[in-house]
Amino acid sequence: MASRKNRGLLALMLLYVAAFLIASLLTGSIGESVEGLGRIIASPSQLTKDYFKLGGISAAFMNTAIIAFMNFLVHWLSGSSLNGLSLIAFFLISGFGFFGINPV
């Protein structure tokens, strides 16, 4: 059973994922997002790649939502106690979803 603190931090992480998914849907159509996400995934994952330029705004937001969700799953399924360092790691890795990291 997750502690009260863990449930709150996991809810915050999931809210962050939802915010980027909603931003993706508001900035472009689903077709544009999927097409742009395909370009992002097909490109080499170099740290200097600008996913806003490569796939478009909505695809970059969708990529970040997917990366953040995968990161959320790692934290949730591990069952470990979450703290400030866990949140820093979550937001840092999620931020790299805008450049250099894709789901593949």
Atom [atom1] in [X], atom [atom2] in [Y]: separation rounded to 0.5 Å?
| X | Y | atom1 | atom2 | answer |
| --- | --- | --- | --- | --- |
| Arg39 | Lys49 | CZ | NZ | 12.0 Å |
| Ser78 | Leu73 | OG | CG | 10.5 Å |
| Leu12 | Leu87 | CG | CG | 6.0 Å |
| Leu9 | Phe72 | CG | CZ | 11.0 Å |

Quick one: closest heavy-atom pair of Asn71 and Ala89, and the distance?
->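 Reported closest heavy-atom pair: ND2-O, 3.8 Å.
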Which pair of heavy atoms, one from Leu21 and one from Ala65, lies closest together, and at what distance?
->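 Minimum heavy-atom separation between Leu21 and Ala65: N-CB, 3.8 Å.
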Evaluate whether atom CG of Leu14 has more than 12 neighbouring non-hydrogen atoms of other residues, nucleotides or ligands under 6.0 angstrom away.
->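 Above 12, so yes.
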Side chain of Asn63, backbone of Ile101: donor and acceptor closer than 3.5 Å?
->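 Side chain of Asn63 to backbone of Ile101: a pair is present.
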Cluster question for you: counting only ILVMFWY and a side-chain heavy-atom cut-off of under 4.5 Å, with indirect links fine, are [X] and [Y] together?
| X | Y | answer |
| --- | --- | --- |
| Leu82 | Ile88 | no |
| Leu15 | Leu92 | no |
| Phe90 | Leu77 | yes |
| Met62 | Leu26 | no |
| Phe91 | Met13 | yes |

Report yes if some heavy atom in the side chain of Thr64 is under 4.5 Å from a heavy atom in the side chain of Phe96; otherwise report no.
->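 They are not in contact (no side-chain heavy atoms under 4.5 Å apart), so the answer is no.
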Ile93 and Ile67, any side-chain heavy atoms less than 4.5 Å apart =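 Result yes, sub-4.5 Å side-chain heavy-atom pair found.
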For Phe20, all residues meeting ring pair (Phe, Tyr, Trp, His ring centres under 6.0 Å), sequence neighbours excluded =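 Result, ring pair (Phe, Tyr, Trp, His ring centres under 6.0 Å) vs Phe20: Tyr16, Phe61, Phe98.
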Donor-acceptor contacts, no H, no angles, side chain residues 50-60, under 3.5 Å, sequence neighbours left out:
from  : atom 1 : to    : atom 2 : distance (Å)
Asp50 : OD1    : Phe52 : N      : 3.2
Ser58 : OG     : Ser33 : OG     : 3.1

